[in-house]
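Values in this document were obtained by computation on a predicted structure and should not be read as measured data. Counting convention: from 1, in listed order, for ligands and their atoms alike.
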Amino acid sequence: MFNVILFGAPGSGKGTQSQKIVEKFQLKHISTGDLLRSEIATGTALGKEAKQFMDNGVLVPDVVVIGMIGKLIENNKEAKGFLFDGFPRTVAQAEALDKLLKLSDAEIDVVIALEVSEEELVTRLLGRGKTSGRSDDADETIIRSRIEEYRKKTEAVADYYKKFNKVKSIEGEGSVDEIFEKLSAIVEQYI
Ligand code: AP5
C-alpha cells in the first residue's frame, strides 16, 4: 500500500493536483474538505456542526474529522493506497492517522508540500470565489483567516513528518501541468 499526503496552504492546488494524481496512480482520494461539504449539503448533524467553523475559516474540531477518516480507511482496506488532501491539518490528526494506518500495517510514505506565496493564494481563492459558491472563498477576511489557521496549526504537521524524513517540497506556482509533472516524478519514486 502506498500512502501520500498532498500538503499546502488553502489555495495551493491540493484539490486540483489530487484529481490528476489519483487518476494516474489509481489511489483512493480522501479530501476532508469535500467530505465535510458533502455532510453540509445533505444536512447531517455533523455537517451542521462543521459549517459554523468552515464559514468562519477556522478548523473543524479534530475529533469530528478523525472520526470520518477512521471510517473511510476501515471501509477501503482493499485500496492500492490513499491520497490525503487537506488532512492531517494538526499534529493530533497526524498522530491519529499514523495509528489508523498502523492497524492495516501501513504508513505514510511521503508528504509532498506545495509552496505558494500568500498573495498568489489570496488571488486564486478570490478568483474561485466569484463562481464557486463556497462561502469561505467569498470574502478576503475569511480567506486570510484560513491562511492564518494554516500558519498557526497546520505548518507544524510538516515539521512532524520532517522528523521522519518524509517531506518533499515543490514549487506550487506555474502551470497545472508543470506542477503535475513534478508531483508525478516524486510519486513514481515510491510506487
Ligand atoms: P478544504 O476544502 O480542504 O480547503 P482548503 O485547504 O482551505 O483549500 P482549497 O481546497 O480551497 O485549496 P486547494 O489547495 O485544494 O487548492 P485548489 O486545487 O482547490 O477546507 C475547507 C475548510 O474545511 C477548512 O477551512 C476547515 O474549516 C475545514 N476542514 C477541511 N479539512 C479539515 C481538517 N482536516 N481538519 C479540520 N478542518 C478541516 O485550487 C484553488 C484555486 O486555485 C482553484 O480555483 C484552482 O483552479 C486554482 N489553481 C490551482 N492550481 C493552480 C495553478 N497552478 N495556477 C493557477 N491557479 C491554480
Side-chain angles (χ1 to χ4, degrees), residues 5-22 29-41 46-73 82-97 100 108 111-158 160 170-183:
I5 295 171
L6 207 48
F7 188 80
S12 57
K14 303 182 296 295
T16 304
Q17 297 295 338
S18 291
Q19 302 284 355
K20 294 168 75 73
I21 294 284
V22 296
H29 182 194
I30 297 189
S31 156
T32 41
D34 288 349
L35 290 168
L36 291 166
R37 279 184 289 278
S38 148
E39 295 279 343
I40 292 172
L46 192 156
K48 283 181 187 140
E49 186 188 351
K51 189 174 186 325
Q52 324 160 40
F53 297 98
M54 293 170 77
D55 283 352
N56 290 308
V58 296
L59 294 185
V60 172
D62 286 339
V63 63
V64 174
V65 181
I66 292 167
M68 279 189 333
I69 294 286
K71 271 185 237 155
L72 255 175
I73 293 177
F82 294 106
L83 183 156
F84 296 96
D85 160 12
F87 179 87
R89 262 176 146 102
T90 62
V91 172
Q93 290 181 17
E95 288 169 348
L97 177 60
L100 286 166
I108 291 298
V111 178
I112 310 178
L114 295 167
E115 307 287 353
V116 176
S117 73
E118 181 153 339
E119 286 323 297
E120 172 72 7
L121 298 172
V122 174
T123 303
R124 287 184 187 179
L125 295 176
L126 279 174
R128 184 175 63 186
K130 288 182 189 149
T131 53
S132 68
R134 266 180 68 166
S135 56
D136 59 349
D137 282 347
D139 177 324
E140 184 166 340
T141 312
I142 297 172
I143 290 173
R144 299 250 179 219
S145 299
R146 286 160 63 195
I147 297 171
E148 179 69 16
E149 280 285 269
Y150 171 78
R151 305 267 179 246
K152 276 198 314 207
K153 300 176 185 168
T154 306
E155 274 182 342
V157 172
Y160 171 84
I170 62 169
E171 172 68 67
E173 294 186 39
S175 78
V176 168
D177 286 343
E178 276 165 8
I179 297 162
F180 178 58
E181 263 182 45
K182 289 189 267 181
L183 277 170

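Listed by chain and number, the residues in a ring pair (Phe, Tyr, Trp, His ring centres under 6.0 Å) with F87 amount to none (sequence neighbours excluded). Legend: residues meeting side-chain hydrogen bond (donor to acceptor under 3.5 Å, both in side chains) with S135, ordered by chain and number and at least two apart, are D55.
Proximity to I179 (heavy-atom distance under 4.0 Å) selects the following atoms of ligand 1: 53 (N). For ligand 1, the atoms lying closer than 4.0 Å to a non-hydrogen atom of L125 are 11 (O). Numbered from 1 in the order shown, with element, the atoms of ligand 1 that lie under 4.0 Å from a heavy atom of G86 read 31 (N), 32 (C), 33 (C), 34 (N). In the vicinity of A9, heavy-atom distances shorter than 4.0 Å reach the ligand 1 atoms 14 (O).
Atom 23 (O) of ligand 1 has M54 CE, 3.2 Å as its closest protein atom, hydrogens excluded (heavy atom only). At the shortest separation from atom 4 (O) of ligand 1 among protein heavy atoms lies R134 NH2, 3.3 Å. Distance from atom 27 (O) of ligand 1 to its nearest protein heavy atom, with residue and atom name: V58 O, 2.7 Å. The shortest contact between atom 29 (N) of ligand 1 and any protein heavy atom is with L36 CD1, 3.5 Å. When hydrogens are left out, the protein atom nearest atom 15 (O) of ligand 1 is G15 N, 2.8 Å; that is the closest non-hydrogen contact. The protein heavy atom nearest to atom 35 (N) of ligand 1 is Q93 NE2, 2.9 Å. With respect to atom 17 (P) of ligand 1, the closest heavy atom belonging to the protein is T16 OG1, 3.6 Å. Taking atom 12 (O) of ligand 1 as the reference point, the nearest protein heavy-atom neighbour is G11 N, 2.9 Å.
Here's the thing with D136: none of its N/O atoms is less than 3.5 angstrom from an N/O atom of ligand 1. At least one N/O-N/O distance between K14 and ligand 1 falls below 3.5 Å. Residue S175 places no N or O, backbone or side chain, under 3.5 Å from any N or O of ligand 1. Considering backbone and side-chain N/O of G13, one or more are found under 3.5 Å from N/O of ligand 1.
Contact annotation for V65 and ligand 1: only side-chain heavy atoms (C-beta onward) come within less than 4.0 Å of the ligand. Using a 4.0 Å cut-off between heavy atoms, S18 makes no contact with ligand 1 at all. The side chain of R37, and not its backbone, has at least one atom closer than 4.0 Å to an atom of ligand 1 (non-hydrogen atoms only; side chain from C-beta on).
In this structure, the separation between OG1 on T32 and CD on E39 is 12.0 Å, given to the nearest 0.5 Å. The distance from atom OG1 of T90 to atom CG of D62, rounded to the nearest 0.5 Å, is 3.5 Å. Taking CD from Q93 and OH from Y160, the interatomic distance works out to 12.0 Å, rounded to the nearest 0.5 Å. With rounding to the nearest 0.5 Å, the separation of CG in L125 from CZ in R146 is 5.0 Å. Between atom CD1 of residue I112 and atom CD1 of residue I21 there is a gap of 6.5 Å, rounded to the nearest 0.5 Å. In this structure, CE in M54 is found 6.5 Å from CZ in R134, a value given to the nearest 0.5 Å.
Of all the heavy atoms in V22 and H29, the pair that sits closest is CG1-CB, 3.6 Å. Summarising the geometry of F7 relative to P88, their closest heavy-atom pair is CE1-O, 4.4 Å, with the distance given to 0.1 Å.
Side-chain contact, T141 with D139: a donor N or O sits under 3.5 Å from an acceptor N or O.
Between K153, E178, E173, R124, it is R124 that holds the heavy atom closest to atom 52 (C) of ligand 1. When R128, R146, K130, R89 are checked for heavy-atom proximity to atom 3 (O) of ligand 1, R89 turns out nearest.
Residue-ligand proximity: P88 is placed with every non-hydrogen atom at 4.0 Å or more from ligand 1. For the pair D137 and ligand 1, no heavy-atom separation below 4.0 Å is found. At least one heavy atom of G174 sits less than 4.0 Å from an atom of ligand 1.
Residue E173 places its CD atom among more than 12 non-hydrogen atoms of other residues, nucleotides or ligands, all under 6.0 Å distant. Other residues, nucleotides and ligands contribute more than 12 heavy atoms inside 6.0 Å of the NZ atom of K20.
Ionic pairing of R124 and E120 is present here: one or more N-O contacts between side-chain nitrogen and carboxylate oxygen are shorter than 4.0 angstrom.
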